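A quick write-up on the structure given underneath.
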Amino acid sequence: MDISKSFRVGDWRVEPSRHILTGPDGEEIRLAPKTIDVLCLLASRHGIVVSRDDILEQVWHTSGAGDDSLNNAISSLRATFGDDRKNPLYIETIPKRGYRLAASVRATDSNGATGESDGRATARPALWLAAGLSAASILAVSIIIFTARGPTFDTYNFTSQPLTSLPGVERDAQISPDDRQIAFAHTGHIYTSPVRASKPKQLTNSDQHDAAPVWSPDGDEIAFIRYGEKSCTVFVRTLASTKLRSITDCTHDTFPALAWHPSGRWLALAERSSITGLQNLTFVDVQTGARSVQPIQTENATGSNFIYFRFSPDGSKIAFVHNQLGGDQVMHAALQFKIESSENPYAVEGIFPSVSAPQTIPLAAERINGIDWLGDKHLVASVATQYRAAIWKYRLGDVHAEKLMLPSSNPVFPVASRKGKFIAYSDAQFDMDVWIATSINQSDFTHSKLIDSTKLDIFASFSPDGKEIAFVSSRTGQPEIWVADSAGSNLRQLTYFSSDVTNPVWSPDQQAIATSVSDDNQFDVWRISLDTTRKRMSNTPANEIVTDWRGDNEALLYFVDSAEGLTTKQIKISTLTSTALHPNGGIHAHYGGGAHIYFVKSNSHGIWSYNPESNSSSLAIDDLNPFDPLAWSLGEAGLYYIDRQANGDALIKFMAYSNSVLSDIAVIEGAAPFHHMSLNVFETTNQVKFLYSKTDVLEADIMIAEISG
């Protein structure tokens, strides 16, 4: 095929001589000549991996230079196609090798008609998620962005329309068994609404926080979780009256999701066994309140939780999300009933189902925002990038998934009707800005917005002298590191990786910033000079996330996530040699006073202190949420951290090194419920300043989708 003439890539027509791409809707988009040349080169070698050096040589007639130009060309093509680098339909990045054009390439005749296809558009989505929209710990945008390969997919269409439009966040939608009603949570109360009309009815009116409604199989009752300041209770509300009965108490950090077994006999919830334990499965007998904790055995449960339990419509299986540091997985398992003398184990008092060895389906992401069954053989799940989400449909035992096409950029928490006619989900819209809290008279604090855009501005940190800040912003379409003065002015972009970056870490001499940059399958540590000179500090098959710079400017602290587990390491700047500092479990570590290193663990609350001399660790603070591994910072006299509150606010707290006494420092009103929080401190003799990110616009309406294809 002569690619100097017009041809088609997927649904797009390419006219190289005019530098024009024409989309499926007829819209013409003009691209830069070099960008078109890159596309033509990839098309001429369709299905073959073309190295970066080869592209640079063929298009820019150079080798080993011009990386930013090539990155910009690839980003421009992906933006034009509406392609997602993590979930590619058109241009696939092959780590350490180059790029491959995955979409079909076809010749066109003089009338623009296409010839036979050279192939079909395929993709292996590499997905990382920003965490879910749930009640007490609604999370998104992980500071550690890991990728995982998933299945190929086609599209699956349905029509969608809004069901609710209340101010704020409507979430936890559940469709009634007769497909006529939807229950959901809003402003800490439970509501119902007819599927065909937006007329919500409030069911609960407590001064506590109600979440996670779920219908009984007969549709006569709704169960939900009620969170008090230090309490958690599962209630059942009878719809024909105002009758409300308590079923069981639960741990305060129980994950806000319930499932009701189709027999009507049991509720399932994701409950933490202790303050430092993992979320696991608890069955509760609805009539007696009896409980059975079900351990789930997987090959690697370290640093993981099990959330979003959902029973299949026939009651024989349970699906759930295996939530872990290295990325979420959807799993399913058969339910077994240990009684042989009864044909109806559901009716035998004291009998609970047990969970067989789970199976993993090939649908994975850094974070998965909800799952549900669509019939007995299909699952739907929401996965997302930092900028958009998608709902996928998967058939058990298959390697093929279908992407549901929605008029929404961020659909999360999908739930399916029993009859398979509808899917409901929350359509979330939000952005985050950088805020600064400044002390007055060393006590009172004023809070003001420092960095503002319509995108995500996150992970801000002060320079050592406090005169500048660095932060990650997605304002250009990809997360990059930006720098500004401490008043928020003089903004300038520091990196042009066109890839995922983590939180920036200033060097003590203020001449460079360390960060970790994704090369699709993994993160490596990079050193970025303020003159934008870049140097890769690590390049191994593991994920390496930088967290601190040693005070003498000679070493970096980072943690490694590999097949062998989690390890905190130190790398010397001059020699690039690394050594392990403590063996297991630590992430996001900081150099502390003396030889101590402070760190958090991926699977437990709190901040830990490690003493290299004794090779021992101790718990310094026990109430930092493990979902917020960046929400703490070290000062001269003590440690500052963020403690989320049940009312949606957050407290900045302080622990003195000398006596471990805790004190409240400042209140962050309306903290970041959709995102992991971060905290950075700058101290002077008479003033303390904090940087943190806070959600500025936060709306989530429930949509109802009717399957049409």
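As the structure is a computational prediction, the values presented were derived from the model and not from experiment.
Atom OG of residue Ser461 and atom CD of residue Glu468 lie 11.0 Å apart, to the nearest 0.5 angstrom. Distance CZ/Phe523 to OG1/Thr540: 13.0 Å, rounded to 0.5 Å. Rounding to the nearest 0.5 angstrom, the gap separating the OG atom in Ser518 from the CG atom in Asn543 is 8.0 Å. For the atom pair OG1 of Thr502 and CD of Glu544, the computed distance is 11.5 Å after rounding to the nearest 0.5 Å. Taken to the nearest 0.5 Å, the NZ atom of Lys34 stands 13.0 Å off from the CD1 atom of Ile55. If you take OH on Tyr308 and CZ on Phe413, they are separated by 3.5 Å, rounding to the nearest 0.5 Å.
Closest of all the heavy-atom pairs between Ile36 and Pro16 is CG2-CA, 3.9 Å. When all heavy atoms are compared, the tightest approach of Thr567 to Ala580 is CG2-CB, 3.9 Å. Minimum heavy-atom separation, Tyr425 to Val412: CB-O, 3.4 Å. Of all the heavy atoms in Asp457 and Ser453, the pair that sits closest is OD2-OG, 2.7 Å. Here the closest non-hydrogen pair linking Met677 and Ser693 is CE-O, 4.0 Å. Taking each heavy atom of Val472 and Pro479 in turn, the nearest pair found is CG1-CB, 3.9 Å.
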Item to check | Step-by-step side-chain contact (heavy atoms from CB on, under 4.5 Å) determination, Leu379 to Val330 | outcome: CA-CA 9 Å; Leu379 288 165; Val330 179; 4.0 Å; yes

Next on the checklist: Run the side chain to side chain donor-acceptor pair (under 3.5 Å) test on Arg550 and Ser507 for me, step by step, so that the C-alpha distance in whole Å, both residues' side-chain angles and the decisive distance to 0.1 Å come before the verdict.
Outcome noted: CA-CA 8 Å; Arg550 202 169 69 186; Ser507 63; over 6 Å; no

Checklist entry - Stepwise, does the side-chain contact (heavy atoms from CB on, under 4.5 Å) test hold for Leu39 with Phe81? => result CA-CA 12 Å; Leu39 179 60; Phe81 290 132; 4.2 Å; yes

Item to check | Test side chain to side chain donor-acceptor pair (under 3.5 Å) applied to Gln570 and Thr579, step by step | outcome: CA-CA 5 Å; Gln570 178 177 275; Thr579 55; 4.7 Å; no

Next on the checklist: Is there a side-chain contact (heavy atoms from CB on, under 4.5 Å) between Leu70 and Arg52? Walk through the geometry before answering.
Outcome noted: CA-CA 8 Å; Leu70 176 53; Arg52 291 179 62 89; 3.8 Å; yes

Item to check | Worked verdict on Gln493 versus Thr476 for side-chain contact (heavy atoms from CB on, under 4.5 Å) | outcome: CA-CA 10 Å; Gln493 186 173 345; Thr476 60; 3.8 Å; yes

Next on the checklist: Show, in sequence, the C-alpha distance, side-chain angles and deciding distance for Asp433 and Lys694, and conclude whether the salt bridge (Lys or Arg N to Asp or Glu O under 4.0 Å) test is met.
Outcome noted: CA-CA 6 Å; Asp433 300 314; Lys694 191 168 89 168; over 6 Å; no

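Counting only heavy atoms from C-beta outward, the side chains of Leu557 and Val546 never approach each other to under 4.5 Å. Between Arg13 and Ser6, some side-chain heavy-atom pair lies under the 4.5 Å cut-off. Looking at heavy atoms from C-beta onward, Arg527 lies out of side-chain contact with Arg534 at the 4.5 angstrom threshold. The shortest side-chain heavy-atom distance between Met537 and Leu576 falls under the 4.5 Å cut-off. You'll find the side chain of Ile513 reaches within 4.5 Å of the side chain of Leu530, heavy atoms only. The shortest side-chain heavy-atom distance between Ile571 and Thr577 does not fall under the 4.5 Å cut-off. In this structure, the side chains of Ile371 and Val380 stay at 4.5 Å or more apart for every pair of heavy atoms. The closest side-chain heavy-atom distance from Ile545 to Tyr558 is not below 4.5 Å.
With ring centers used as reference points, Phe471 lies 6.0 Å or more from Phe459. A centroid separation of less than 6.0 Å is found between the aromatic rings of Trp526 and Phe497.
Checked options Val59, Leu42, Leu31; the residue passing with Asp37 is Val59 (criterion: side chain to side chain contact (heavy atoms under 4.5 Å, CB included)).
At a threshold of 4.0 Å, the pair Arg18-Glu28 counts as salt-bridged, since one of the basic side-chain nitrogens sits closer than that to a carboxylate oxygen. Look at Asp485 and Lys467 and you find no salt bridge, because none of the NZ, NE, NH1 or NH2 atoms lies under 4.0 Å from a carboxylate O. One finds a salt bridge joining Arg45 and Asp54 here, because a Lys/Arg side-chain nitrogen approaches an Asp/Glu carboxylate oxygen to under 4.0 Å. Checked for salt-bridge contact, Glu15 and Arg30 miss the test: no charged N lies under 4.0 Å from a carboxylate O.
Judged as a ring pair (Phe, Tyr, Trp, His ring centres under 6.0 Å), and not counting sequence neighbours, Trp549 has no contacts.
Under a cutoff of 6.0 Å and an axis angle of 45°, Arg492 and Trp482 do not form a cation-pi pair.
Although no hydrogens or angles enter the test, the distance criterion places no donor-acceptor pair under 3.5 Å between the side chain of Asp427 and the main chain of Ala700. Listed for the Ser474 side chain is a donor-acceptor partner under 3.5 Å among the backbone atoms of Leu456. Counting only distance, with no hydrogens or angles, the side chain of Thr533 and the backbone of Ser529 share no donor-acceptor pair below 3.5 Å.
Heavy atoms from other residues, nucleotides or ligands lying under 6.0 Å from NZ of Lys572 number 12 at most.
No side-chain donor from either of Asp53 and Ser51 sits under 3.5 Å from a side-chain acceptor of the other.
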